[in-house]
2 protein chains.
Amino acid sequence: MRETTLRDVAELAGVSPRTVSNVVNGYAKVTDGTRAKVERAIAELGYRPNVLARNLATGRSGQIVVVVPYLDTPYFAELLQAIIPAARKLGYNVLIDQTDGDRAHEEELIGRGSRRFLFDGMIISPLGLAQEDLSVRDPDLPLVVLGERRSDGTFDHVGIDDVAASTEAVSHLIAIGRRRIAAIGDQPYPTGEAAQLRTRGFRAAHAAAGLPVDESLIIGTARFNRIDGATAMAALLDREDPPDAVFCYSDLVASGAIHTLLGRGLRVPEDVAIIGYDDIEDGRYSQPTISTIQPDKKAIAQLAVDRLVMRIGSGGPVPGVELKVAHRLVPRQSTIGG
Amino acid sequence: MRETTLRDVAELAGVSPRTVSNVVNGYAKVTDGTRAKVERAIAELGYRPNVLARNLATGRSGQIVVVVPYLDTPYFAELLQAIIPAARKLGYNVLIDQTDGDRAHEEELIGRGSRRFLFDGMIISPLGLAQEDLSVRDPDLPLVVLGERRSDGTFDHVGIDDVAASTEAVSHLIAIGRRRIAAIGDQPYPTGEAAQLRTRGFRAAHAAAGLPVDESLIIGTARFNRIDGATAMAALLDREDPPDAVFCYSDLVASGAIHTLLGRGLRVPEDVAIIGYDDIEDGRYSQPTISTIQPDKKAIAQLAVDRLVMRIGSGGPVPGVELKVAHRLVPRQSTIGG
DNA sequence: ATAGTCCTTTGCAGCGCTGCAAACGGAACT
DNA sequence: AGTTCCGTTTGCAGCGCTGCAAAGGACTAT
């Protein structure tokens, strides 16, 4: 049986299809009488508007896409959890894409591919993509970038102040008396900008305390995963002068590092203090609980969606802005014990 | 500037729009000559097909929706991680929806709402929805259900054998010498079917070993979260006869339970052995690592997508089937120490 | 040379909706 | 009674593509 259409409803209600459309969309001035007639007909026929047709007619899809490197990384999962309802509230469906941090995949998404028609705008947390790459994108694509990539003025950027946050994290380690502090998670230019900002904070904290930085204690990792943290920590422990504290560039890295430490019979924080970044739920339950930098994820999500929807609505190009949301240091057992 | 259309390409290539369509879709017999001409024109104009228009014309959206209760629950995040590429490979985009376990929300999604046009089929992991509710759904919606809800014959169901898996988990606890075994995560009918199957396995393992079941050791929880596990474990420890092992209905519950145990200075597994369910990544890195039931998530994802796409393609109703995928017991430190 | 065959290409109509601007009808005013 | 005005309702065209079936062209068989 055929799906009922606007025309069917119009016929039953004795009005024009256009009027039915007006009622359905809550548009314009429709008298109570006609509205009632139409609504009765809609109910009787069980009519539901065909979104596909509407999309074609309006040229908009009512969808936004959120692109993250990995869906099963708790930080991104938690962020998405916040983005979806925020977008829904503004009438947008959320498409999700994961790129596995693959640069080509990210490029394809922001480029002018055929999928472009499926979404009205994009929120992306780039990983493989370097600053330059962002310019190859479809210039008509409303874009909001999360994380650490600076805006080039054509898109918005939402994130926390990574340098300040990292400085706080390391200063905290210094404050509790640690002097040989390592950093796990550094990454080279061009794609590792998030990492570089954190390394900068690492240095800044040392400078502020008048401490020298032992460059050999800055450990690079391919990613921010548990396994990277575990491996890097093992390498640090195999040295003859292991650190007494580690600033990990994500909570997952911290989790991996702790795993290695405890596995070797060392105590956290007594032997080595650990601080992470992101405040994922795991960190609040792991043993010990993980001190961390807590970004305001709800605010990031809300701000990103608001800005994106604004861009979509504006029609033309909108100057890009840098939006910083709040963060705070959350000391837990992995630094202060207890 | 207007987006270039099929017609523009046709004009430039000197063929009919229909032929361009054929080339774009890889359809039919198109001679190499015309194909070349058309492809040159496409490249020159930077043409990309308008998916919205195609959707309207074909009446299909090329999207499937995956509905999970919580996106930030690692189990679901890991499952989605597997579903997205599987669907993409078959030409489908994945829409994601989270319901917060809200029954009304789940009902709305499977009902005949207007969003129906946005997807060709649905994979749902129901939580609030009881068996009966599944019948209120849009009968034309191709549906695959994950988890524990049995098929009523109109949709497919993909999952592991929960009773068998739970039996194995508890038998493992018995095999390592535990006799006072608790269960955390039971839930009442009608929505707690997953939980009930696990409770059934709990009983079956006791029966097989000739052990009595202490009913007071079966603890109900509202959800399968860390906080539920932590709270329930605390209650168990406050009794005068605490258990020497706990079967947790999810790894998150296990994580919470361990958190409580260690917080009270108890040792895992020496004082209390813990086994979880789901094999989320956390469990492989927590301290101690968590013994668990490992469902073959890749297989679940692949099977679910394959069946769904088959259903979508079939046009008519397809008899529902029960599909069981493999699982295995993975003993780790939380039961066998080390 | 002519008819028949087969395969490529085409034209038409329409998917169901909305943008636009015109038509309509009633109320208010002269 | 006639005109103007204003707000509701309507008609038309078209978003860009595909399904269908027929047209066209090349080639083979008689």
Side-chain angles (χ1 to χ4, degrees), chain A residues 1-39 41-42 45-62 91 112-118 120 140 315, chain B residues 1-39 41-42 45-62 91 112-118 120 313 315:
Chain A
M1 204 199 61
R2 219 182 87 264
E3 182 83 27
T4 59
T5 72
L6 262 193
R7 205 177 311 280
D8 300 328
V9 176
E11 206 161 313
L12 178 60
V15 298
S16 81
R18 197 62 188 76
T19 297
V20 178
S21 171
N22 284 338
V23 171
V24 168
N25 292 289
Y27 272 166
K29 285 95 216 306
V30 181
T31 50
D32 293 349
T34 31
R35 165 163 292 117
K37 265 194 307 189
V38 171
E39 280 172 349
I42 288 178
L45 296 175
Y47 168 74
R48 49 184 179 183
N50 185 324
V51 187
L52 264 32
R54 178 182 298 165
N55 287 351
L56 177 59
T58 60
R60 295 143 102 302
S61 69
R112 42 188 312 292
S114 175
R115 293 193 65 220
R116 174 64 181 86
F117 293 99
L118 288 177
D120 299 331
D140 293 330
Chain B
M1 202 198 60
R2 220 182 85 265
E3 182 84 27
T4 59
T5 72
L6 263 193
R7 205 176 312 279
D8 300 328
V9 176
E11 206 161 312
L12 178 60
V15 298
S16 81
R18 198 61 187 79
T19 298
V20 177
S21 172
N22 284 338
V23 170
V24 169
N25 292 287
Y27 273 167
K29 284 97 215 306
V30 180
T31 52
D32 293 348
T34 32
R35 163 163 294 116
K37 263 192 310 189
V38 171
E39 280 171 349
I42 287 178
L45 297 176
Y47 168 74
R48 50 184 178 182
N50 185 324
V51 187
L52 263 31
R54 178 182 296 164
N55 287 350
L56 178 60
T58 59
R60 296 143 102 300
S61 68
R112 44 189 310 292
S114 177
R115 294 193 63 219
R116 174 65 183 84
F117 293 99
L118 288 176
D120 299 331

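On a predicted model such as this, the values are computed, not experimentally measured, just so you know. So you know, we letter chains A, B, ... as the sequences are listed, proteins then strands, and number each from 1.
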With sequence neighbours excluded, residues passing side chain to side chain donor-acceptor pair (under 3.5 Å) with B:T31: B:T34

Identify each donor-acceptor pair in which a side-chain atom of residues 7-14 of chain B lies under 3.5 Å from a protein atom, sequence neighbours left out, and give them as a table.
residue: B:D8; atom: OD1; partner: B:R2; partner atom: NH2; Å: 3.2
residue: B:D8; atom: OD2; partner: B:R2; partner atom: NH2; Å: 2.8
residue: B:D8; atom: OD2; partner: B:T5; partner atom: N; Å: 2.8

Gap between atoms CZ and P, on A:R35 and D:dT8 respectively (whole Å): 10 Å

Spacing of CZ belonging to A:F117 relative to CG belonging to B:L52, to within rounding of 0.5 Å: 8.0 Å

Reference residue A:S21; test side-chain contact (heavy atoms from CB on, under 4.5 Å); the match among A:V23, A:T19, A:N25: A:N25

Distance (rounded to the nearest 0.5 Å) between A:T4 OG1 and A:N50 CG: 10.5 Å

Interatomic distance where CG belongs to B:N25 and C1' belongs to C:dT9 [whole Å]: 15 Å

Nucleotide nearest A:A53 (side chain, heavy atoms from C-beta), chosen from D:dC17, C:dT10, C:dG16: C:dG16

So which protein nitrogen or oxygen atoms get under 3.5 Å of nucleotides 19-22 of chain D's nitrogens or oxygens?
residue: D:dG19; atom: N7; partner: B:R18; partner atom: NE; Å: 3.1
residue: D:dG19; atom: N7; partner: B:R18; partner atom: NH2; Å: 3.0
residue: D:dG19; atom: O6; partner: B:R18; partner atom: NE; Å: 3.2
residue: D:dC20; atom: N4; partner: B:R18; partner atom: NE; Å: 3.4

Sugar-phosphate, base or nothing in reach of B:T31, heavy atoms under 4.0 Å: sugar-phosphate

Atom pair OG1 (A:T58) and CG (A:N55), whose distance is rounded to the nearest 0.5 Å: 5.5 Å

End axis versus end axis in the helix from C:dA1-D:dT30 to C:dT30-D:dA1, the angle rounded to 10°, five pairs used at each terminus: 60°

Sugar-phosphate, base or nothing in reach of A:V51, heavy atoms under 4.0 Å: nothing

From B:V30, B:V20, B:V24, residue fulfilling side-chain contact (heavy atoms from CB on, under 4.5 Å) relative to B:V38: B:V20

Length of the line joining B:R54:CZ and C:dC17:P, which is rounded to integer Å: 22 Å

Euclidean distance, A:N22 CG relative to A:S16 OG, rounded to 0.5 Å: 7.5 Å

B:N50 CG - D:dG14 C1' separation (whole Å): 13 Å

By side chain to side chain donor-acceptor pair (under 3.5 Å) - contacts of A:D140 (at least two apart): none

Nearest-angstrom distance from the residue atom CZ of A:R60 to P of D:dG16: 15 Å

Phosphate OP1/OP2 of D:dC17: any B:S21 side-chain N/O under 4.0 Å: no

Sugar-phosphate, base or nothing in reach of A:Y47, heavy atoms under 4.0 Å: sugar-phosphate

N/O (side chain, A:S16) to phosphate O (OP1/OP2, D:dT10) under 4.0 Å: yes

DNA chain C: 5'-proximal contact among B:T19 and A:P17 (nearest heavy atom): B:T19

Nearest-Å distance for atom pair CG/P, residues B:L56 and D:dG14: 17 Å

Sugar-phosphate only, base, or nothing, as touched by B:N55 at under 4.0 Å among non-hydrogen atoms: nothing

Atom-to-atom span, CD of A:E3 to P of C:dG16 - whole angstrom: 8 Å

Interatomic distance, A:L118 CG vs D:dG16 C1' [rounded to whole Å]: 14 Å

Selected nucleotide, minimal atom distance to B:L6 side chain, candidates C:dT18, D:dC17, D:dT8: D:dC17

Touch class at under 4.0 angstrom, heavy-atom based, for A:P49 against every strand present: sugar-phosphate

Pairs meeting criterion salt bridge (charged side-chain N to carboxylate O under 4.0 Å, His left out) with involvement of residues 48-60 of chain B, two or more places apart: A:D138-B:R48, B:E3-B:R48, B:R60-B:D120

